[in-house]
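As the structure is a computational prediction, the values presented were derived from the model and not from experiment.
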Amino acid sequence: MNLLLLRSEKGTIMPFAQARQSPRQQASQGSGYWSRLRSRIASTYEALKKKLDYYEKICADLRGAQNLKIIHPVRWEADEAGESLKDFLQDRRRHHLRWFKVDVVLAILGGFLMPLPGPNLFFFYPAARAFGHYHARQGAAAALDCPWRLEGDERLDRVEENLGQLEDAGPLLQELQEDYGVAQLEESLNALRKR
């Protein structure tokens with residue numbers, strides 16, 4: 001899996017992962033109660049996914065990574081890029097573990113309201129968030145455990161230099177998207193560059 005690394009204008013690391021195609025599984029009508037409940041939680045999570053933090057989606061996409069090709073600006077040392085990514089992933093793993101625990105407790109408390117008629121937002125929202133944090137934590141852990149290959153790309157240097165004027169870097173961003181399979185790079189950069 002390809003992972004592009006850049007730094008924001010404030011110096012924080014910004015990883016951009018190759019788009020992941022994951023087929024969504026639906027529980028069959030003959031499935032048991034727990035399978036149907038898990039399917040409903042997963043579909044609630046998918047509906048919320050567009051509104052989630054970009055880094056949570058990145059970490060969740062890293063779940064199935066067997067090996068990572070980390071592409072960084074040439075001006076970065078390979079060790080520096082590797083250490084920056086390692087620190088980022090360790091921080092994300094701790095963050096998602098902490099919020100997974102909080103959301104599980106909230107989902108359990110919301111579960112007591114399940115017998116009430118109507119949509120049970122007090123259960124499904126925290127359950128879907130716990131589901132997302134679980135996957136993001138698993139992805140961060142998988143990325144830390146899989147082998148990495150570090151590679152520099154001078155085009156990322158030019159993108160970092162032009163973070164303030166991304167309109168000028170449109171063709172370059174399109175080229176990077178196609179070469180590394182990263183979806184919506186310009187939109188993601190616009191959202192993250194000032195963090």
Q) Quick one: do Tyr54 and Leu62 end up in the same hydrophobic cluster if we chain Ile, Leu, Val, Met, Phe, Trp and Tyr together by side-chain heavy atoms under 4.5 Å apart? A) yes

Q) Where is the tightest heavy-atom contact between Leu48 and Ala128, given as atom of each residue plus distance? A) CD1-CB, 4.0 Å

Q. Which distance, rounded to the nearest 0.5 Å, do you find between the CG of Leu5 and the CG of Leu3?
A. 5.5 Å

Return all side-chain donor-acceptor pairs below 3.5 angstrom for residues 66-85, not counting sequence neighbours, or 'none' if the list is empty.
| unit_1 | atom_1 | unit_2 | atom_2 | d |
| --- | --- | --- | --- | --- |
| Arg75 | NE | Glu160 | OE1 | 3.3 |
| Arg75 | NH1 | Glu161 | OE2 | 3.4 |
| Arg75 | NH2 | Glu160 | OE1 | 2.8 |
| Glu80 | OE1 | Glu77 | N | 3.4 |
| Glu80 | OE2 | Arg7 | NH1 | 3.4 |
| Glu80 | OE2 | Arg7 | NH2 | 2.6 |
| Ser84 | OG | Glu80 | O | 2.9 |

Q: Give a yes or no on whether Leu150 and Leu176 share a hydrophobic cluster (residues Ile, Leu, Val, Met, Phe, Trp, Tyr; joining criterion: side-chain heavy atoms under 4.5 Å apart).
A: yes

Q | Phe112 ring center near Phe122 ring center (under 6.0 Å) | A | no

(Q) For the CG atom of Leu185 and the CD atom of Glu178, what is their distance to the nearest 0.5 Å? (A) 11.5 Å

Q. Can you tell me if OH on Tyr134 sees more than 12 non-hydrogen neighbours from other groups inside 6.0 Å?
A. no

**Q.** Salt-bridge criterion met for Arg92 and Asp87 (N-O under 4.0 Å)
**A.** no

Q. Is Ile13 linked to Leu156 within one hydrophobic cluster, defined over Ile, Leu, Val, Met, Phe, Trp and Tyr using a side-chain heavy-atom separation of less than 4.5 Å?
A. yes

Q) Got a donor-acceptor contact below 3.5 angstrom from the Thr44 side chain to the Arg40 backbone? A) yes

(Q) Applying the side-chain contact (heavy atoms from CB on, under 4.5 Å) criterion to Leu97, which one of His95, Lys101, Arg93, Arg94 satisfies it? (A) Lys101

Q. Crowded around Trp148 CH2? As in, over 12 foreign heavy atoms under 6.0 Å?
A. yes

Q.
I'd like to know whether Asp157 forms a side-chain contact (heavy atoms from CB on, under 4.5 Å) with Glu154, so could you lay out the CA-CA distance, the side-chain angles of the two residues, the decisive distance to 0.1 Å, and finally the verdict.
A. CA-CA 5 Å; Asp157 289 295; Glu154 64 183 23; 4.2 Å; yes

Q. Would Phe100 and Phe131 count as a close aromatic pair, with their ring centres under 6.0 Å?
A. no

(Q) How long is the straight-line distance from CD of Gln174 back to CG of Asp179, given to the nearest 0.5 Å? (A) 10.0 Å

Q) Could you state the interatomic distance from CZ (Arg158) to CG (Asp153), rounded to the nearest 0.5 Å? A) 8.5 Å

Q | Distance-minimising heavy-atom pair for Leu163 and Leu189 | A | CD2-CD2, 3.8 Å

Q: Might you point out which heavy atoms bring Pro126 and Ala107 nearest each other, and give the distance in Å?
A: CB-N, 3.7 Å

Q. Relative to the ring of Tyr55, is the ring of Phe88 parallel (under 30°), tilted (30 to 60°) or perpendicular (over 60°)?
A. perpendicular

**Q.** Minimum heavy-atom distance Ala183-Gln177, with the two atoms named
**A.** C-OE1, 4.4 Å

Q) Would Tyr180 end up clustered with Leu192 when hydrophobic side chains under 4.5 Å apart are linked, directly or stepwise? A) yes

Q | From Asp61 atom CG to His135 atom NE2, the distance as rounded to the nearest 0.5 Å | A | 11.0 Å

**Q.** Those residues that, when tested against Arg129, pass side chain to side chain donor-acceptor pair (under 3.5 Å) (two or more places apart)
**A.** Glu56, His133

(Q) Using the rule that Ile, Leu, Val, Met, Phe, Trp and Tyr join whenever any side-chain heavy atoms are under 4.5 Å apart, tell me whether Trp99 and Phe123 fall into a single cluster. (A) no

Q: Please check if any side-chain donor atom of Asp103 sits under 3.5 Å from a side-chain acceptor atom of Tyr125, or the reverse.
A: no

Q) Is there a side-chain contact between Met14 and Phe16, using heavy atoms and a 4.5 Å cut-off? A) yes

Q: Rounded to the nearest 0.5 Å, what's the gap from CG on Asp53 to SG on Cys59? Could you check?
A: 9.0 Å

